[in-house]
Amino acid sequence: MDAIIIDDEKRARVNLALILKEYCPEVNIVAECENLSQGVKAIRKLQPLVVLLDIEMPGHSGLELLDFFDESEVNFSIIFTTAYNEYAVKAFKFSAVDYLLKPIVPEELADAINRVKKQQLKIQNYGVLKENINNAHLGKIAVPSGSSLIFIEIEKILFIKGEGAYSEINMEDGTKYMVSRNLKNFEDIFLENLFFFRPHKSYIVNLSHVTSYNKSEGGSLFIKNGQSVPISPEKSSVILDKIKLVKR
């Protein structure tokens with residue numbers, strides 16, 4: 001498996017190469033590049049199967065790599081290496097791309113290489129990642145729907161209903177989006193958001209849009225569009241405290 005390392009820090013490149021040599025002997029490093037420009041040239045010339053890409057580099061962010069290629073040219077997988085903050089880690093998970101937090105843990109690198117061998121390349125996921133990191137402070141998320149990306153204002157989400165590997169996002173204006181992410185992905189990305197709560201295995205609710213709480217028949221939340229969402233028995237003891245916290 002041919003690989004290219006792109007990282008502006010020489011020590012990081014050397015360390016990554018040493019770990020690959022010891023833990024992933026099937027990987028053949030064909031180039032080490034210190035910036036995105038060198039990396040693009042090396043990828044075009046050497047056609048690697050995997051690129052180990054640092055995100056935080058001077059000049060161009062690693063997230064811009066695919067801007068230099070047409071979709072038909074992207075026949076390599078990317079493993080991002082990053083020291084990014086917690087929000088970005090959630091964005092990586094939500095976007096379903098491989099990433100490694102610095103300092104690199106050898107076993108995690110070996111697992112990522114194994115996933116590259118098995119997984120089918122999904123170019124769209126890289127676009128989801130880029131947009132979600134870029135929109136981190138804009139109150140929006142980018143979600144995949146078919147062959148498109150949809151940009152959604154978080155505060156206008158009423159609730160999200162899980163449908164197996166998919167989720168249905170119900171919006172304030174009545175729009176519904178069916179997206180190819182399961183409910184756990186949304187739970188992870190909204191983990192520290194005070195307004196979002198998972199009262200049931202099949203639902204995540206924006207508590208700011210809840211109008212009432214019905215304790216009968218196991219309990220349910222009524223949303224301002226008139227719909228109701230069930231509450232699991234184990235969540236009924238905390239739901240009132242959650243609502244009070246949001247409605248202050």
Side-chain angles (χ1 to χ4, degrees), residues 1-69 71-130 132-134 136 181-182 184-185 188-189 191:
M1 178 191 295
D2 287 349
I4 287 176
I5 297 173
I6 307 175
D7 196 308
D8 63 300
E9 296 182 7
K10 183 176 181 180
R11 180 181 296 180
R13 297 196 302 272
V14 170
N15 181 56
L16 191 50
L18 288 173
I19 295 175
L20 283 168
K21 183 177 181 179
E22 181 173 353
Y23 288 84
C24 309
E26 72 276 26
V27 175
N28 176 39
I29 301 171
V30 294
E32 296 181 22
C33 307
E34 64 180 4
N35 56 54
L36 207 59
S37 178
Q38 290 182 8
V40 170
K41 292 176 183 176
I43 291 170
R44 292 189 187 282
K45 179 180 179 181
L46 301 170
Q47 299 291 304
L49 186 61
V50 61
V51 175
L52 294 117
L53 176 64
D54 183 34
I55 289 183
E56 299 166 287
M57 293 185 291
H60 290 285
S61 162
L63 293 170
E64 297 177 65
L65 176 67
L66 296 184
D67 293 344
F68 294 88
F69 296 89
E71 186 171 319
S72 60
E73 297 178 296
V74 183
N75 52 9
F76 55 90
S77 294
I78 301 173
I79 299 174
F80 292 96
T81 61
T82 180
Y84 259 16
N85 61 25
E86 182 61 24
Y87 179 88
V89 170
K90 293 177 186 176
F92 282 108
K93 291 180 179 178
F94 183 78
S95 307
V97 302
D98 269 308
Y99 69 97
L100 299 168
L101 291 178
K102 294 181 177 180
I104 304 298
V105 177
E107 291 79 10
E108 292 178 358
L109 174 58
D111 287 343
I113 291 295
N114 285 331
R115 285 193 295 271
V116 167
K117 294 177 187 175
K118 298 175 183 177
Q119 73 183 10
Q120 182 179 3
L121 177 65
K122 294 184 178 179
I123 299 171
Q124 185 189 35
N125 290 358
Y126 301 133
V128 175
L129 172 65
K130 182 177 179 180
N132 278 320
I133 288 181
N134 288 344
R181 289 290 180 272
N182 63 32
K184 181 63 168 61
N185 289 147
D188 286 342
I189 206 167
L191 187 63

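The structure displayed is predicted, hence computed values, not measured ones.
- Looking only at atom types and distance, the side chain of Gln47 has no donor-acceptor partner in the side chain of Asp2 under 3.5 Å away.
- Between Leu66 and Val74 the shortest side-chain heavy-atom distance falls below 4.5 Å.
- Put simply, the side chain of Glu64 gets close to the backbone of Ser61: a donor and an acceptor are under 3.5 Å apart.
- The OH atom of Tyr99 sits 8.0 Å away from atom CD of Glu108, with the distance rounded to the nearest 0.5 Å.
- Considering every non-hydrogen atom in both Met57 and Asn35, the closest pair reads SD-CA, 4.5 Å.
- Side-chain contact between Met1 and Val50: present, with at least one pair of heavy atoms (C-beta onward) separated by less than 4.5 Å.
- In plain terms, the two heavy atoms of Pro48 and Ile4 that are nearest each other are CG-CD1, 3.6 Å.
- No donor-acceptor pair closer than 3.5 Å links the side chain of Asn185 to the backbone N or O of Arg181.
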So Phe80 and Leu63, side-chain contact (heavy atoms from CB on, under 4.5 Å) or not? Walk me through it.
CA-CA 9 Å; Phe80 292 96; Leu63 293 170; 4.2 Å; yes
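- In this structure, CD1 on Ile19 lies 9.0 Å from CD on Glu107, to the nearest 0.5 angstrom.
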Should Ile104 and Lys102 be marked as a side-chain contact (heavy atoms from CB on, under 4.5 Å) after you check the CA-CA gap, both sets of side-chain angles, and the distance that decides it?
CA-CA 5 Å; Ile104 304 298; Lys102 294 181 177 180; 4.3 Å; yes
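- Lys184 has a carboxylate O that lies under 4.0 Å from a charged side-chain N of Asp188, or vice versa, which qualifies the two as a salt bridge.
- The shortest side-chain heavy-atom distance between Ile113 and Asp98 does not fall under the 4.5 Å cut-off.
- Going from atom NE2 of His60 over to atom CG of Leu65 covers 11.0 Å, rounded to the nearest 0.5 Å.
- Between Glu9 and Asp7 the shortest heavy-atom distance is N-OD1, 2.9 Å.
- With contacts defined as side-chain heavy-atom distances shorter than 4.5 Å, the pair Ile43/Phe76 qualifies.
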If you apply the rule side-chain contact (heavy atoms from CB on, under 4.5 Å), what do you find for Thr81 with Ile55, and how did you get there?
CA-CA 7 Å; Thr81 61; Ile55 289 183; over 6 Å; no
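- Atom NZ of Lys45 is surrounded by 12 or fewer heavy atoms from other residues, nucleotides or ligands within 6.0 Å.
- Considering only heavy atoms from C-beta on, Ile79 comes within 4.5 Å of Val116 through its side chain.
- Rounded to the nearest 0.5 Å, atoms CG (Leu46) and CD1 (Ile29) are 13.0 Å apart.
- Within the cation-pi definition used here (under 6.0 Å to the ring centroid, within 45° of the axis), Arg44 does not qualify as a partner of Phe68.
- Atom-to-atom distance recorded for Leu53:CG and Leu36:CG is 6.5 Å, nearest 0.5 angstrom.
- For the atom pair CZ (Arg115) and OG (Ser77), the distance works out to 11.5 Å, reported to the nearest 0.5 Å.
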Begin with the C-alpha distance, continue with both residues' side-chain angles, and end with the deciding distance and a verdict on salt bridge (Lys or Arg N to Asp or Glu O under 4.0 Å) for Glu32 and Lys10.
CA-CA 9 Å; Glu32 296 181 22; Lys10 183 176 181 180; over 6 Å; no
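- Closest of all the heavy-atom pairs between Ala110 and Cys24 is CA-SG, 3.7 Å.
- Here the shortest heavy-atom pairing between Ala3 and Leu52 reads CB-CD1, 4.1 Å.
- Taking every heavy atom of both residues into account, Ile5 and Ala17 meet most closely at CD1-N, 4.0 Å.
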